[in-house]
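Predicted model, so just to flag it, every value in this text is computed and none were measured. A note on names: the letters A, B, ... follow the listed sequences, proteins ahead of strands, and every chain is numbered from 1.
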Number of protein chains: 2
Amino acid sequence: MRADAQRNRARILTAAEEVFADGGPHASTEEVARRAGVAVGTVFRHFPTKADLLRALMKRLLQQVTDDAADLIAHGDPATALFDFFARLVERTAANRTVVILLAAEGMEVSITGPLGSLGDAVGELLARGQGVGAIRPEIRLDETMALLTSACQGALQGGWDHDLRRRTLDIMFAGLRPSG
Amino acid sequence: MRADAQRNRARILTAAEEVFADGGPHASTEEVARRAGVAVGTVFRHFPTKADLLRALMKRLLQQVTDDAADLIAHGDPATALFDFFARLVERTAANRTVVILLAAEGMEVSITGPLGSLGDAVGELLARGQGVGAIRPEIRLDETMALLTSACQGALQGGWDHDLRRRTLDIMFAGLRPSG
DNA sequence: GACGATAGTGAGTGGTGACTCATCTTGTCC
DNA sequence: GGACAAGATGAGTCACCACTCACTATCGTC
C-alpha cells in the first residue's frame, strides 16, 4: 500500500469518527470526505460501502475495549477495576452511539452483546478480583454483571444523557454491587 | 370530523405502529400508507409531517405506560411501588419492542415534551413516595431514576435473558437505590 | 337527492445521499 | 528521471423519500 493511501485511510477513519459523533446518524459520506480533506471517491476507494466504513470504526472501538480490559486486569486496583471498566465501556459506547445504532440497523452482528460475549472471561476476572478484596458482594454472579453492563451500554445509546448523568447512573449500579454498610 | 376521516386516522396509526415496529424509524411513509390501505396524501393530511406521525404514536404508547404508573401511585405500596413499576415495564418491554423502538426514534430525530414530561412526573411521584417511607436513598434524583429505567428496558431487549436473570439484574439496581445497611 | 364541505387520491416535485467512472496525479522502483 | 501502476478526483447517475396539489370521491345535511 502506497504511503499516501495509508495516510488518507487514517485521516478518513478519524474524520468519520468525528462526523458520526457530532453530526448524528444522517451525516453523509460527503461530509466525512470534506472533514478528511479528501474527495468522495477516495472514501469509496478505501471503503466500498458506507457499511464497510462503519464496520472499520466498530473494529477500532472493539480493539479499544479489549485493550481497556487487559490494561485493567494487568495494572488496575482490584477494588475498583470492574467499576472503571464499566465507566470506560459506557463512555466509549456513548461516543460511538451513532456507529453502533447504524450498524444495528443494518442487521449486522455488532450489537454490544457481541463484543461483551467475547469479553466475558475478562469481566469474570475483574469481578473475581473485586470480590477477592471485598469490594463487591460475593453472591454477585457473572451473568448478572454482564447483564448490568449490557443495560448500561444500551442505556447510553439512547442519547440525551450527558457525561454527568451517565456517571451518576453508573454510581447507583455500583452501589448495588458493593456490600451494604 | 367526518366518520371516514376518523376511521382512516385510526388505521394509519395502527399501520404505523406495525411498520415502525419491524422496519425501524426509517421506514417510509409510503409503506405506512400501503399497510393502512390509504394513499400517501391521506397520511399527510392527518399528520403534516413524519415527525408528527411519530409524535402521535409515542403519545399513545407512553400514555399506556403512564397509566401503569398512575395505577401504582393510586393503589401501590409506597415502599415498593417504584420497584414494581420497574419490574412491570421491563417485563412488558421484553415482549413489546415498539415502545422502545419509538423511544429510540425520539432520541434520534423527534423531540417531544408532553407525554415524556408526564411520565417523568409519575415516576417522580413514585420516587418521592419511596423516599418518603425510607425505602429509597434520599439523594437519588429523578433523572438518574429515568436513566436507570431506560437502561433496564434496553437491557431486557437483549435476547437470551430469561425472567430469572432479568429479575436478578433488577434486584442489583434496586439494591443500589435502597439505603445501605 | 342535491349540494357544499370535507376527505382521499396518486402522479409529480425537489432535494438528498450513496455510489461510479473517465480522467488526472503521484509514489515507487529501476 | 522516466515509466507505469496505484491512487485521487468530483461531476454525474440513480434511487429513494418526504411532501404537494389539482382533481375526484364521499359524507352529512336540508
Side-chain angles (χ1 to χ4, degrees), chain A residues 1-58 98-108 110, chain B residues 1-59 101-102 104-112:
Chain A
M1 196 190 231
R2 252 167 55 175
D4 56 341
Q6 236 166 331
R7 205 182 324 124
N8 278 337
R9 194 190 160 88
R11 288 170 72 185
I12 289 167
L13 278 175
T14 301
E17 210 167 69
E18 294 169 11
V19 167
F20 289 126
D22 57 52
H26 295 310
S28 66
T29 313
E30 201 100 25
E31 175 62 27
V32 172
R34 202 176 308 126
R35 179 118 37 149
V38 130
V40 232
T42 304
V43 175
F44 282 99
R45 167 177 288 274
H46 286 279
F47 308 97
T49 277
K50 190 179 185 180
D52 288 323
L53 174 56
L54 292 170
R55 247 190 296 265
L57 280 182
M58 193 68 197
T98 298
V99 174
V100 176
I101 285 172
L102 283 176
L103 285 174
E106 306 263 335
M108 292 159 50
V110 290
Chain B
M1 195 191 234
R2 251 166 57 176
D4 56 341
Q6 235 167 332
R7 206 183 323 126
N8 277 336
R9 192 190 162 86
R11 290 170 72 185
I12 288 167
L13 279 175
T14 301
E17 205 168 75
E18 293 168 14
V19 168
F20 289 128
D22 53 54
H26 296 304
S28 69
T29 313
E30 202 100 24
E31 175 63 26
V32 172
R34 201 176 309 127
R35 179 121 33 151
V38 130
V40 233
T42 305
V43 176
F44 281 101
R45 169 178 288 275
H46 286 279
F47 309 97
T49 277
K50 187 180 183 179
D52 288 324
L53 175 57
L54 281 173
R55 250 187 293 266
L57 270 186
M58 288 184 56
K59 189 177 169 190
I101 284 170
L102 287 167
E106 184 272 337
M108 284 166 70
E109 52 196 19
V110 182
S111 68
I112 191 166

Verify the neighbour count for atom CD of B:Glu30: are there more than 12 heavy atoms of other residues, nucleotides or ligands below 6.0 Å?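 No, the 6.0 Å shell around CD holds no more than 12 heavy atoms from other groups.
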Mind checking salt bridge (Lys or Arg N to Asp or Glu O under 4.0 Å) for [X] and listing every partner two or more places apart, or none if nothing turns up?
X: B:Glu18; answer: B:Arg35
X: B:Arg45; answer: none
X: B:Arg11; answer: none
X: B:Arg2; answer: B:Asp4

At a heavy-atom distance below 4.0 Å, which nucleotide of DNA chain C is the first touched by chain B, and which is the last?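 Boundary nucleotides touching chain B, in 5' to 3' order, are C:dA5 to C:dG10.
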Inter-axis angle, terminal five-pair segments of the helix from C:dG1-D:dC30 to C:dC30-D:dG1 [nearest 10°]: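 Taking five pairs per end, the axes differ by 20°.
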Nearest-Å distance for atom pair [atom1]/[atom2], residues [X] and [N]:
X: A:Arg9; N: D:dG7; atom1: CZ; atom2: C1'; result: 14 Å
X: B:Leu54; N: D:dC19; atom1: CG; atom2: P; result: 11 Å
X: B:Lys50; N: D:dA18; atom1: NZ; atom2: P; result: 4 Å
X: B:Ile12; N: D:dC19; atom1: CD1; atom2: P; result: 14 Å
X: B:Leu53; N: D:dA18; atom1: CG; atom2: C1'; result: 12 Å

Side-chain touch A:Val32/A:Val40, heavy atoms, less than 4.5 angstrom: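 They are not in side-chain contact.
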Is the shortest heavy-atom distance from the side chain of A:Thr49 to the side chain of A:Leu54 under 4.5 Å?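 No; the side chains remain at least 4.5 Å from each other.
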Is the phosphate of D:dA18, meaning OP1 or OP2, less than 4.0 Å from a side-chain N or O of B:Thr29?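 Yes, within the criterion.
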Does A:His46 have a side-chain nitrogen or oxygen under 4.0 Å from the phosphate oxygens OP1 or OP2 of D:dG7?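 So the side chain of A:His46 is outside the cut-off, no N or O lying under 4.0 Å from OP1 or OP2 of D:dG7.
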Can you give one letter per nucleotide of nucleotides 20-30 of chain D, going 5' to 3': B for a protein heavy atom under 4.0 Å from the base, S for sugar-phosphate only, - for none? B-----BSS--
NE2 on B:His26 to CZ on B:Phe20, rounded to 0.5 Å: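 Reported value, rounded in 0.5 Å steps: 10.5 Å.
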Can you name the residues that form a side-chain contact (heavy atoms from CB on, under 4.5 Å) with B:Arg9, not counting sequence neighbours?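 Per chain and number, B:Arg9 pairs via side-chain contact (heavy atoms from CB on, under 4.5 Å) with B:Met1, B:His46, B:Phe47.
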Counting the atoms with a prime plus P, OP1 and OP2 as sugar-phosphate, which does B:Thr42 contact under 4.0 Å by heavy atoms, base, sugar-phosphate, or nothing?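 Since a base atom lies under 4.0 Å of B:Thr42, the category is base.
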Name the one of B:Leu13, B:Ile12, B:Thr14, B:Asp52 that satisfies side-chain contact (heavy atoms from CB on, under 4.5 Å) with B:Leu57?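 Output: one option passes, namely B:Leu13.
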